[in-house]
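Just so you know, these numbers come straight off a predicted model, no measurement behind them.
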Amino acid sequence: MGVVTSAATTRAPKQDRSRATRQRLLEAAVACLAERGWAGSTVSVVAEHAGVSRGAAQHHFPTREDLFTAAVEYVAEERSQALRDLPVQSRAAVVAALVDLYTGPLFRAALHLWVAASNEEQLRGRVTELEARVGRETHRIAVELLGADETRPGVRETVQGLLDMARGLGLANLLTDDTARRRRVVTQWAELLDEALG
């Protein structure tokens with residue numbers, strides 16, 4: 001007599017494999033975009049990097065734009081979750097964590113996507129919408145982590161200034177290692193935030 005299996009038990013491992021493949025593709029897409037830029041990051045390159053076939057990649061992401069916007073969104077959500085999970089700590093530690101968002105491979109990948117979107121109409125709307133959503137979420141998390149009261153005049157702008165400064169530090173870090181200067185700026189900005197936020 002043969003082994004009887006239910007559809008539910010065979011479906012679960014297949015769904016798990018599908019989720020794992022999708023995650024590998026998203027992580028590979030971010031890595032490729034950060035390392036090779038938009039021009040060097042094709043679906044084939046990402047599929048090879050992820051260790052899956054091009055057909056499997058296109059099953060999950062029918063277009064190149066689908067793949068790369070999903071990849072940047074995926075990692076942005078992962079980083080947002082990491083920020084949300086930070087224990088309550090000093091403002092200096094929060095400022096450093098926020099700046100770290102803009103100095104790693106996610107920022108580099110997102111930057112390549114932004115540049116591509118500035119030249120490619122079919123990508124622009126998706127990236128603009130994604131950036132607006134990620135920006136709002138990052139701002140909301142920053143307000144929460146900093147214990148900022150945005151009902152006070154100037155506080156919203158102060159928090160947004162921190163995020164804009166962090167993005168600028170990320171840009172400065174693209175060509176050379178800017179760690180030493182960045183540490184000093186982060187320390188100074190944390191002191192300014194303590195004064196501004198009370």
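Between the side chain of S41 and the backbone N or O of C32 there is at least one donor-acceptor pair closer than 3.5 Å. Counting only distance, with no hydrogens or angles, the side chain of R124 and the backbone of S118 share a donor-acceptor pair below 3.5 Å. Side chain of D66 to main chain of T63: a donor-acceptor pair is present (N/O by atom type, distance under 3.5 Å, no hydrogens or angles). The main-chain N or O of D178 is never found under 3.5 Å from a side-chain atom of R183 such that the two would form a donor-acceptor pair. Formation of a donor-acceptor pair under 3.5 Å by the R24 side chain with backbone atoms of A50 is found in this model.
A92 approaches V186 most closely through the heavy-atom pair O-CG1, 4.3 Å. In this structure, A57 and A47 approach most closely via the heavy-atom pair CB-CB, 4.0 Å. Nearest heavy atoms, A148 versus V155: CB-CG1, 3.7 Å. Between R91 and G147 the shortest heavy-atom distance is NH2-O, 3.9 Å.
To the nearest 0.5 Å, the span separating OG1 on T158 from CZ on R156 amounts to 11.5 Å. Taking OG1 from T69 and CD from E131, the interatomic distance works out to 13.0 Å, rounded to the nearest 0.5 Å. Taking CD of Q15 as the start and CZ of R22 as the end, the distance is 13.5 Å to the nearest 0.5 Å. For the atom pair E157 CD and L162 CG, the distance stands at 13.5 Å (nearest 0.5 Å). Residue M165 holds its CE atom at 10.0 Å from CD of Q188, rounded to the nearest 0.5 Å.
Cluster annotation: L163 and L101 are assigned to the same hydrophobic cluster (Ile/Leu/Val/Met/Phe/Trp/Tyr, side-chain heavy-atom contacts under 4.5 Å, transitive). In this structure, V115 is not a member of the same hydrophobic cluster as V134, with clusters built from ILVMFWY side-chain heavy atoms closer than 4.5 Å.
Using a 4.0 Å cut-off between a side-chain N of Lys or Arg and a carboxylate O of Asp or Glu, R108 and E35 do not qualify as a salt bridge.
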Intermediate values then yes/no, side-chain contact (heavy atoms from CB on, under 4.5 Å), D177 and N173: CA-CA 5 Å; D177 182 2; N173 198 56; 4.0 Å; yes
L123 and L113: CA distance, side-chain angles, deciding distance, side-chain contact (heavy atoms from CB on, under 4.5 Å) verdict: CA-CA 9 Å; L123 194 57; L113 199 59; 4.0 Å; yes
Check against side-chain contact (heavy atoms from CB on, under 4.5 Å), V99 and R182: CA-CA 9 Å; V99 168; R182 190 170 60 245; 3.5 Å; yes
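Contact annotation: the side chain of L98 never approaches that of V95 to less than 4.5 Å [non-hydrogen atoms, C-beta and beyond]. A heavy-atom distance below 4.5 Å is not found between the side chains of R64 and V46. T179 is not listed as a side-chain neighbour of T103, based on a closest heavy-atom distance of 4.5 Å or more. The closest side-chain heavy-atom distance from D164 to R167 is below 4.5 Å. E137 places none of its side-chain heavy atoms less than 4.5 Å from the side chain of E77.
Among residue pairs with one or both ends in residues 51-86, those qualifying as ring pair (Phe, Tyr, Trp, His ring centres under 6.0 Å) are W38-F68; sequence neighbours excluded. Judged as a ring pair (Phe, Tyr, Trp, His ring centres under 6.0 Å), the pairs with a partner in residues 106-151 (not counting sequence neighbours) are, in order, Y102-F107, F107-W114.
The side chain to side chain donor-acceptor pair (under 3.5 Å) check on D149 picks up T151, with sequence neighbours excluded.
None of L192, V143, L146 except one satisfies the side-chain contact (heavy atoms from CB on, under 4.5 Å) rule with L197; the exception is L146.
Residues S44 and R54 have side chains that bring a donor and an acceptor to within less than 3.5 angstrom of each other. A side-chain donor from one of Q23 and E27 sits under 3.5 Å from a side-chain acceptor of the other.
Counted within 6.0 Å of CD on Q58, heavy atoms from surrounding residues, nucleotides or ligands total more than 12; the atom is thus considered enclosed.
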